[in-house]
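Note sheet for the following structure.
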Amino acid sequence: MISEKMTKALNAQIQLEGQASFLYLSMASWCDKEGLEGCTKFMHRQSGEEREHMLKIFEYLSDVDGHALTPAIKAVPHEFDSVQDMFQQVYKHEQKVTASINKLMDIAVKENDYNTHNFLQWYIMEQREEENLMRSLLDKIKLIGKGPMTLYYIDKEVEKINAAELAAEAAAGEA
Ligand code: OFO
């Protein structure tokens with residue numbers, strides 16, 4: 001049986017993952033409008049992943065006799081100053097998610113909730129990977145530099161990273 005406090009905290013995490021999914025979907029649409037095909041694919045894949053992260057918590061709460069609540073999603077931005085700014089926002093959001101997962105883990109530890117502790121391990125690893133991915137992507141974007149001529153190369157680079165992510169997911173049997 002899961003505590004009320006843990007259930008509430010996991011429902012807050014459901015909201016955060018759902019919010020990320022919608023934010024990334026909006027980013028995918030903006031990239032599409034800007035003619036950035038690689039970035040569009042990348043953000044659609046990220047959006048889908050976040051939805052999966054959200055659904056995983058639904059399943060978990062069902063397994064432990066909790067009640068998962070469909071979250072209210074706040075309005076997301078539809079325009080971004082630049083592709084650099086957009087990826088910076090993604091990185092920031094991922095850092096927020098990591099901090100939130102850490103707080104969930106704190107509660108699980110304090111409550112001796114070994115089931116949730118075990119469940120959260122996957123998210124801790126996932127966040128480490130996500131932050132690492134976003135950091136290396138931002139590093140590449142910085143290296144390529146700014147200006148309209150560089151957008152083409154940034155997009156190609158992001159497309160390559162996306163293809164590598166898809167290949168890794170397929171190898172892990174997730175796709
Ligand atoms: Fe689910 O927040 Fe990123 O990965």
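Read the numbers this way: they start at 1 and go in the same order the structure lists the ligands and their atoms. For clarity, every value in this text was computed on a predicted model and none was experimentally measured.
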### Task
State whether the shortest distance between N or O atoms of Q127 and N or O atoms of ligand 1 falls below 3.5 angstrom.
yes
#### Entry: Parallel, tilted or perpendicular: ring planes of F119 versus Y60, cut at 30 and 60 degrees
parallel
### Task
With atom 1 (Fe) of ligand 1 as the reference point, give the N/O/S atom of E17 that is nearest.
OE1
#### Entry: Atom name of the N, O or S atom in H53 that lies nearest to atom 1 (Fe) of ligand 1
ND1
### Query
How about H67 and L61: do any of their side-chain heavy atoms sit closer than 4.5 Å?
no
### Task
State, yes or no, whether a side-chain contact exists between I124 and T98 at a heavy-atom distance under 4.5 Å.
no
### Query
Looking at atom 3 (Fe) of ligand 1, is one of the N, O or S atoms of E50 less than 2.8 Å from it?
yes
### Query
Can an N, O or S atom be found in E126 less than 2.8 Å away from atom 3 (Fe) of ligand 1?
no
### Message
How about CD on Q121, more than 12 heavy atoms from neighbouring residues, nucleotides or ligands closer than 6.0 Å, or not?
### Response
yes
### Task
Kindly indicate, with the supporting measurements, whether the criterion salt bridge (Lys or Arg N to Asp or Glu O under 4.0 Å) is fulfilled by E111 and K5.
CA-CA 10 Å; E111 293 190 349; K5 184 175 178 178; 5.4 Å; no
### Query
Would you call R45 and E169 a salt bridge, taking side-chain N to carboxylate O under 4.0 Å as the test?
yes
### Task
Would you mind checking which non-hydrogen protein atom is closest to atom 3 (Fe) of ligand 1, with the distance to 0.1 Å?
E94 OE1, 2.2 Å
### Task
State the atoms of ligand 1, each with its element, that fall below the 4.0 Å cut-off from a heavy-atom position in V97.
2 (O)
